Amino acid sequence: MTATILDGKAFAATIRAKVADGVATLKSEHGITPGLAVVLVGDDPASQVYVRSKNKMTAEAGMASFEHRLDADTSEDALLAIIRKLNDDPQVHGILVQLPLPDHLDSDLVINAIDPAKDVDGFHISNVGRLGTGQKSMVPCTPLGCLMMLRDHHGSLSGMEVAVIGRSNIVGKPMAQLLLNDSCTVTICHSKTRYLPGVVRRADIVVAAVGRAEMVTGDWLKPGATLIDVGINRIPDGDKTRLVGDADFASCVEVAGAITPVPGGVGPMTIACLLANTLTACCRANNLPEPEGLTP
Ligand code: NDP
């Protein structure tokens, strides 16, 4: 069997187009422009690339983009003051603080200072709790993108067995919660899971969010399973490097029923979902109906 390739790049483009339509309607019918503020502290090269890409896509969707680049030695008080200002700014509907923050800053404190209604990353403790109790919340972008791809491919996910590999607050846990809310039977795996391949082999859907290059191999999979590969790992390739996922694509594509490639799978969905969340936050802030298909 050769798996269907789930094309995240193409799917993300349809989500971004839907967001751009929603933004155009908000502007023409209500005179409102959704705005996303991105706060970057320090000069981590990967973060700089993400922030550039986010700014470009925000502008392409017709949204306002507000960028705050701060020195690596910015104090916690100064950062919190900026967040308070953004919380109070009616032109800003979404606030994203790029992680990781420099070591002297308390990420939890900073994230929990964001107005939960503007927390487009969905990391605020109040949004985590709301997601966990099935209430309307802002949902973390990467798991939201994975859920959209799974629903698009399968339709209903009800009753499916899922193995989520990874229990981070950013990907694994919210992913598991979203799938549980969709009535899947979810097993969350981590570094202490005994005999991981055996747990994975039971699953109709596998979500790999581990951060270990090509760890999941085809012989771990139930034939026909859907594999969502969240991993982004850079490995040496001759005198260059290349990106690979947490799954060994060559062996998994022969066993899976459907698989996301790396690059071009989950990655593009993450930014598309950030834009979707910003539009959703803007609609909610203005008591307007939310566009369909952009929230869980
Ligand atoms: P973390 O490092 O925060 O979490 C990794 C998880 O994997 C942990 O729960 C850890 O277990 C588990 N793990 C590590 N080694 C093993 C192992 N040998 N067997 C089983 N489980 C293991 O990573 P993130 O969740 O932040 O990211 C995961 C991957 O997804 C990374 O490659 C990252 O680059 C990528 N990513 C991609 C995004 C995208 O847009 N496509 C967005 C965010 C992340 P334990 O808790 O026990 O330590």
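One-based numbering, in listed order, for ligands and for the atoms of each. Predicted, not measured: the structure shown is a model, and the values here were computed from it.
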Taking side chain to side chain donor-acceptor pair (under 3.5 Å) as the definition, give me every residue that meets it alongside Asn169, ordered by chain and number, with sequence neighbours left out.
Lys173
So is Met215 in contact with ligand 1, going by heavy-atom distances below 4.0 Å?
yes
Which residue and heavy atom of the protein sit nearest atom 9 (O) of ligand 1, plus the separation
Arg167 N, 2.8 Å
One residue to check: Thr142. Relative to ligand 1, which of side chain, backbone, both or neither has a non-hydrogen atom less than 4.0 Å away?
side chain
Is it the case that the side chain of Asn87 and the backbone of Asp115 share a donor-acceptor pair, with hydrogens and angles ignored and the cut-off at 3.5 Å?
yes
Closest heavy-atom pair, Thr14 versus Phe11, reported as atoms and distance to 0.1 Å, is OG1-O, 2.6 Å
Could you list the atoms of ligand 1 found under 4.0 angstrom from a heavy atom of Gly166?
6 (C), 7 (O), 9 (O)
So the atoms of ligand 1 within less than 4.0 Å of a heavy atom of Val266 turn out to be 41 (N)
Number the atoms of ligand 1 from 1 as they appear, then name those within less than 4.0 Å of a heavy atom of Val230, with their elements.
30 (O), 35 (C), 36 (N), 37 (C), 41 (N)
Students should find that the hydrophobic cluster of Met138, defined by side-chain heavy atoms under 4.5 Å apart, otherwise consists of Leu36, Val38, Leu40, Val51, Leu96, Val120, Leu274
Look only at the side chain of Asp237 and the backbone of Arg242, and say whether a donor-acceptor pair between them is shorter than 3.5 Å.
no
Under 3.5 Å: donor-acceptor pair, side chain of Asp182, backbone of Cys184:
no
Which of the listed options, Ala46, Cys189, Ser168, holds the heavy atom that is closest to atom 24 (P) of ligand 1?
Ser168
Have a look at ligand 1 and work out which part of Thr270, if any, has a heavy atom under 4.0 Å from it: side chain, backbone, both or neither.
side chain
Note the single closest protein heavy atom to atom 21 (N) of ligand 1, along with its residue, its atom name and the distance in Å.
His190 C, 3.1 Å
Atoms in ligand 1 with a heavy atom of Asn233 nearer than 4.0 Å
32 (O)
Side-chain heavy atoms nearer than 4.5 Å, only ILVMFWY residues, links allowed to pass through others: does that put Val92 and Leu288 together?
yes
Quick one: does Gly172 get an N or O within less than 3.5 Å of an N or O on ligand 1?
no
Work out whether the distance between some heavy atom of Thr193 and some atom of ligand 1 is less than 4.0 Å.
no
Going from CD1 on Ile165 to CE on Met175, what distance comes out if it is rounded to the nearest 0.5 angstrom?
13.0 Å
Taking distance alone, with no angle check, do Lys192 and ligand 1 share an N/O pair under 3.5 Å?
no
Give me the nearest non-hydrogen protein atom to atom 43 (C) of ligand 1 as residue plus atom name, then the distance to 0.1 Å.
Val171 CG2, 3.8 Å
Quick one: which ligand 1 atoms are inside 4.0 Å of a heavy atom on Leu196?
19 (N), 20 (C)
Are Ser75 and Asp77 linked by a side-chain donor-acceptor pair shorter than 3.5 Å?
no
